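Start at 1 and go down the list; that is how both ligands and their atoms are numbered. Because the structure is predicted, anything quoted here is derived from the model rather than measured. Note that these values count all heavy atoms, side chains included, but never hydrogens, waters or copies made by symmetry.
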Amino acid sequence: MMAGIGYRGIGMTSQRTRERLVERLRLRGITDPRVIEAMRNTPRHIFVDEALASRAYEDTALPIGHGQTISQPFIVALMTQTLLEKPSLTNVLEIGTGSGYQTAILAQLVKRVYTVERIKALLGLARARLRALRLKNAHPHHCDGGMGLPQYAPYDGIIVTAAPEYIPESLIEQLSIGGHLVLPYGRRNQQQLVRVVRTTSGYKTERLETVSFVPLLGGVQ
Ligand code: SAH
């Protein structure tokens, strides 16, 4: 286990601050009870540096080192809720593990999650957190996920948590028919969060929200 995780304890911060966050998510349109339950049960404070733990239940993105951020809870909830509109999610892919928070939410709601991260140090921490929470159906990989993870395709759902400039064709190809891809794309300051649903004849795209994600980058480090 990595230093700090067991030490800080799981579920030790005030239940009240977490309730307040869940209430805020409801007000912003998160209505799926499965998502609400997962957000309520997941200790976000173990996914951030100890110095920021007291801010973990604010509805805001926070730095996780290496120039990356843990996503804002509302966006995590929205992406998850959108993905869950597809019935029976068996095989899901997340691109951009980061802190592992979105992975932990997904792992409680779908059968199997593959998650890929290009920064080895972040992946190591995320892996330890997922292990501490005993989420054995989450499978972290250290690789460049810009083109997806073809070896475990097709996926019923793909969530991308870093923004490419354009929607990568290869991600749509790795979806099963009826599968949902939820991703931000576009240039910094003008990104859109969209859902792409693969159909028998092609795909259809739907806009969800204006967002601000870190960019999807190539290569590993
Ligand atoms: N889901 C994360 C969000 C982290 S920010 C969380 O809840 O904490 C996005 C992450 O995507 C960063 O850690 C970044 O390193 C990673 N990333 C960016 N481009 C990538 C790529 N091509 N392949 C894999 N990971 C990538």
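Heavy-atom separations between S71 and ligand 1 include at least one value shorter than 4.0 Å. For A126, the heavy-atom gap to ligand 1 stays at 4.0 angstrom or more.
A cation-pi arrangement is present between R28 and F74 under the rule of less than 6.0 angstrom and at most 45 degrees off the ring axis. Both cation-pi conditions hold for R44 and Y101: the charged atom is under 6.0 angstrom from the six-membered ring centre and inside a 45 degree cone around its axis.
Those atoms of ligand 1 that come under 4.0 Å of a heavy atom in C143, given as number and element, are 23 (N), 24 (C). Heavy-atom proximity to T97, at under 4.0 Å, picks out these atoms of ligand 1: 1 (N), 2 (C), 6 (C), 8 (O). Each of the atoms 5 (S), 9 (C) of ligand 1 lies under 4.0 Å from some heavy atom of V214. For ligand 1, the atoms lying closer than 4.0 Å to a non-hydrogen atom of Q102 are 1 (N), 7 (O). Each of the atoms 8 (O) of ligand 1 lies under 4.0 Å from some heavy atom of I70. Listed by number with element, the atoms of ligand 1 under 4.0 angstrom from any heavy atom of D144 are 21 (C), 22 (N), 23 (N). Ligand-side atoms of ligand 1 in range of I119: 15 (O), range being under 4.0 angstrom from any heavy atom. Of all atoms in ligand 1, listed by their number and element, those nearer than 4.0 Å to a heavy atom of V116 are 24 (C), 25 (N).
Residue contacts with ligand 1, taken as heavy atom pairs separated by less than 4.0 Å, do not involve V76 at all. Within the 4.0 Å heavy-atom criterion, neither part of T103 lies near ligand 1. Of the heavy atoms in E94, only side-chain atoms (C-beta onward) come closer than 4.0 Å to ligand 1.
When the heavy atoms of L217, V48, L122 are ranked by distance to atom 22 (N) of ligand 1, first place goes to L217. Summarising the contacts of atom 6 (C) of ligand 1 with A162, S99, A61, G65, the nearest heavy atom is found in S99.
Atom CG in L125 sits 9.5 Å away from atom OG in S99 (nearest 0.5 Å).
Protein heavy atom closest to atom 9 (C) of ligand 1, with residue, atom name and distance, is T161 O, 3.3 Å. From the protein, the heavy atom lying nearest to atom 25 (N) of ligand 1 is R118 N, 3.3 Å. Of all protein heavy atoms, the one closest to atom 14 (C) of ligand 1 is Q68 OE1, 3.4 Å. Protein heavy atom closest to atom 4 (C) of ligand 1, with residue, atom name and distance, is T69 O, 3.0 Å. The protein atom (non-hydrogen) at minimum distance from atom 13 (O) of ligand 1 is E117 OE1, 2.7 Å. Atom 23 (N) of ligand 1 has as its closest protein heavy atom G145 N, 2.8 Å.
At a cut-off of 3.5 Å, with distance as the only test, a side-chain donor of T80 or Q102 sits close to an acceptor on the other residue. Between Y114 and H141, the side chains place no donor N or O within less than 3.5 Å of an acceptor N or O (distance only, hydrogens not considered). T210 and Q191 form no side-chain donor-acceptor contact under 3.5 Å, judged by distance and modelled atom types alone. Side-chain polar atoms of T60 and Q72 form no donor-acceptor pair below 3.5 angstrom. Side-chain contact of N137 with R112: a donor-acceptor pair under 3.5 Å is absent, judged by distance alone. Between the side chains of E94 and T115, at least one donor-acceptor pair of N or O atoms lies under 3.5 Å.
Annotation: G96 places an N or O atom under 3.5 Å from an N or O atom of ligand 1; distance criterion only.
Within the 4.5 Å cutoff, the side chain of V113 has no heavy atoms near those of the H139 side chain.
A pairwise comparison of heavy atoms in K86 and S176 identifies CE-OG, 4.5 Å as the closest pair.
Taking 4.0 Å as the cut-off between side-chain N and carboxylate O, E23 and R20 do not count as a salt-bridged pair.
With hydrophobic clusters built from ILVMFWY side chains whose heavy atoms lie under 4.5 angstrom apart, L25 shares a cluster with L84.
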